[in-house]
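The structure displayed is predicted, hence computed values, not measured ones. Chain A is the first sequence line, chain B the second, and so forth, proteins listed ahead of strands; every chain is numbered from 1.
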Amino acid sequence: MRIATWNVNSIRARVDRVTAWLERSDVDVLAMQETKCKDAQFPVLPFEAAGYEVVHHGLNQWNGVAIASRVGVSDVEPAFPGQPGWGEPAAAEARALGATCGGVRVWSLYVPNGREVADPHYVYKLGWLAALRDAAKEWTSPDAPPTLLVGDWNVAPRDEDVWDPAFFEGRTHVTAPERDALTALEDVGFTELTRAYTEGQFTYWDYTQLRFPKRQGMRIDLAYGSPSAAAHVVGAAIDREERKGKGASDHAPVVLELDT
DNA sequence: ATGACGCGGTGACCGCGA
């Protein structure tokens with residue numbers, strides 16, 4: 001089974017590219033982030049024509065997460081247990097969608113950006129990741145299905161995961177508390193699954209400043225697996241070709257290969 | 001070649017992304 005994650009940066013602007021990629025990539029499940037639309041606006045027909053069912057969670061033009069699957073989708077959850085909200089008063093955002101596809105529990109996650117270290121959004125980001133860790137504790141028990149947490153984590157786990165650590169000094173995505181929040185996932189039994197197969201590669205390049213042709217990117221799109229999921233991983237790849245050309249998302253798709 | 005930001009919604013700008 002092949003499972004991919006991709007921050008598509010608006011599914012309505014990108015649906016032709018995304019479905020064309022699906023049709024030639026032999027991917028069974030695609031987790032998408034930043035669909036930027038409400039459920040009724042999601043273009044399901046092109047996915048169905050390609051042979052995929054789609055579940056989507058979108059409340060407005062911000063955020064939005066989806067899962068397309070050609071191996072079934074069941075037990076859909078539009079948030080993880082304890083997921084914090086944002087705003088005054090705090091309200092749930094469309095940043096997490098869980099579904100069981102081909103026997104694997106897949107979570108499509110769009111972690112809050114954080115904006116700046118001094119911004120309340122940064123506090124929200126850390127709280128969101130802490131709550132996810134608490135929920136994930138329950139997903140490593142022997143009777144839980146193999147679980148994958150995939151998406152745009154908005155954290156570069158190591159210095160080598162950004163093109164210039166000095167550029168990011170004092171900025172979000174690289175701070176110790178953010179990195180510790182990912183380590184905490186490992187402490188409850190999850191393992192990052194893509195790095196071993198994609199060393200030195202990035203998943204995101206800013207649209208500005210010629211970041212992509214200059215190879216100035218970040219590794220922020222990651223896949224964490226529970227022990228029973230990690231045991232089945234036999235490969236991973238970042239499809240950098242998809243960042244090229246007019247109409248590309250600023251993120252590349254990340255593909256995970258399982259021996260199931 | 002991989003090339004100088006791009007979404008959506010609103011209203012001819014702005015919020016947001018990272």
Side-chain angles (χ1 to χ4, degrees), chain A residues 5-18 21 32-43 56-66 85-88 91 93-96 108-126 128-129 151-179 181-182 200-222 237-254:
Chain A
T5 184
W6 194 0
N7 179 320
V8 296
N9 186 16
S10 170
I11 192 57
R12 288 178 288 172
R14 216 80 62 204
V15 62
D16 291 347
R17 264 188 98 121
V18 172
W21 180 82
M32 289 166 271
Q33 302 85 36
E34 275 209 273
T35 57
K36 291 187 169 175
C37 65
K38 302 175 187 179
D39 291 347
Q41 297 173 310
F42 191 100
H56 177 252
H57 179 45
L59 300 169
N60 48 43
Q61 70 268 44
W62 308 121
N63 315 305
V65 278
W86 171 248
E88 199 56 54
E93 293 190 301
R95 293 183 177 274
S108 179
L109 302 172
Y110 180 45
V111 176
N113 171 291
R115 299 179 186 164
E116 292 174 23
V117 173
D119 195 294
H121 208 258
Y122 177 80
V123 179
Y124 170 49
K125 179 181 195 174
L126 294 178
W128 202 94
L129 285 168
D152 176 358
W153 294 77
N154 274 319
V155 179
R158 303 180 185 176
D159 280 353
E160 69 206 54
D161 298 330
V162 297
W163 56 275
D164 180 10
F167 177 87
F168 286 90
E169 259 180 54
R171 300 176 191 248
T172 60
H173 294 61
V174 300
T175 67
E178 289 167 284
R179 289 175 169 173
L182 298 192
Q201 298 176 41
F202 297 137
T203 67
Y204 163 87
W205 300 261
D206 197 302
Y207 283 125
T208 68
Q209 306 296 321
L210 289 172
R211 295 286 186 231
F212 181 60
K214 289 181 178 172
R215 298 180 178 271
Q216 297 177 337
M218 308 170 74
R219 179 197 291 272
I220 54 176
D221 300 275
L222 308 165
I238 297 165
D239 194 349
R240 191 178 181 281
E241 290 298 307
E242 261 310 309
R243 181 61 179 79
K244 296 180 180 178
K246 193 170 171 60
S249 168
D250 42 3
H251 296 251
V254 180

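- One interatomic measurement links the two molecules: CG of A:Asn63 to C1' of B:dA18, which rounds to 14 Å at whole-angstrom precision.
- Ring geometry for A:Phe212 against A:Trp205 counts as perpendicular: the plane angle is over 60°, on a 0 to 90° scale with 30° as the lower cut.
- Heavy atoms of A:Gly245 sit under 4.0 angstrom from primed sugar atoms or phosphate atoms, though from no base atom.
- When distances are taken from the side chain of A:His173 to each of B:dC7, B:dC16, B:dA18, the shortest belongs to B:dA18.
- Around CD of A:Glu116, the count of heavy atoms belonging to other residues, nucleotides or ligands within 6.0 Å does not exceed 12.
- Taking 4.0 angstrom as the limit, A:Tyr110 places a side-chain polar atom (N or O) nearer than this to OP1 or OP2 of B:dA18.
- In this structure, B:dA4 shows a glycosidic angle more than 90 degrees from zero, which is the anti conformation.
- Out of B:dC7, B:dG9, B:dT2, the shortest distance to the side chain of A:Arg12 is found at B:dG9.
- Checking the phosphate oxygens (OP1, OP2) of B:dG17, a side-chain nitrogen or oxygen of A:Arg115 falls inside 4.0 Å.
- In terms of phosphate contacts, A:Asn154 brings a side-chain nitrogen or oxygen within less than 4.0 Å of OP1 or OP2 of B:dA18.
- Contact check, A:His121 against B:dC16: no side-chain N or O comes under 4.0 Å of OP1 or OP2.
- A:Ser108 and A:Gln33 share a donor-acceptor pair across their side chains, judged by distance under 3.5 Å alone.
- Ring pair A:Phe168/A:Trp163 is perpendicular by interplanar angle, where above 60° counts as perpendicular and below 30° as parallel.
- Taking atom P on both B:dG8 and B:dA18, the two are 15 Å apart, rounded to the nearest angstrom.
- Applying the 4.0 Å criterion to OP1 and OP2 of B:dG8, one finds that A:Ser10 has a side-chain N or O inside that range.
- Residue-level contact check: A:Arg14 touches the backbone only, with heavy atoms under 4.0 Å from sugar-phosphate atoms and none from bases.
- OP1 or OP2 of B:dA18 sits under 4.0 Å from a side-chain N or O of A:Asn113.
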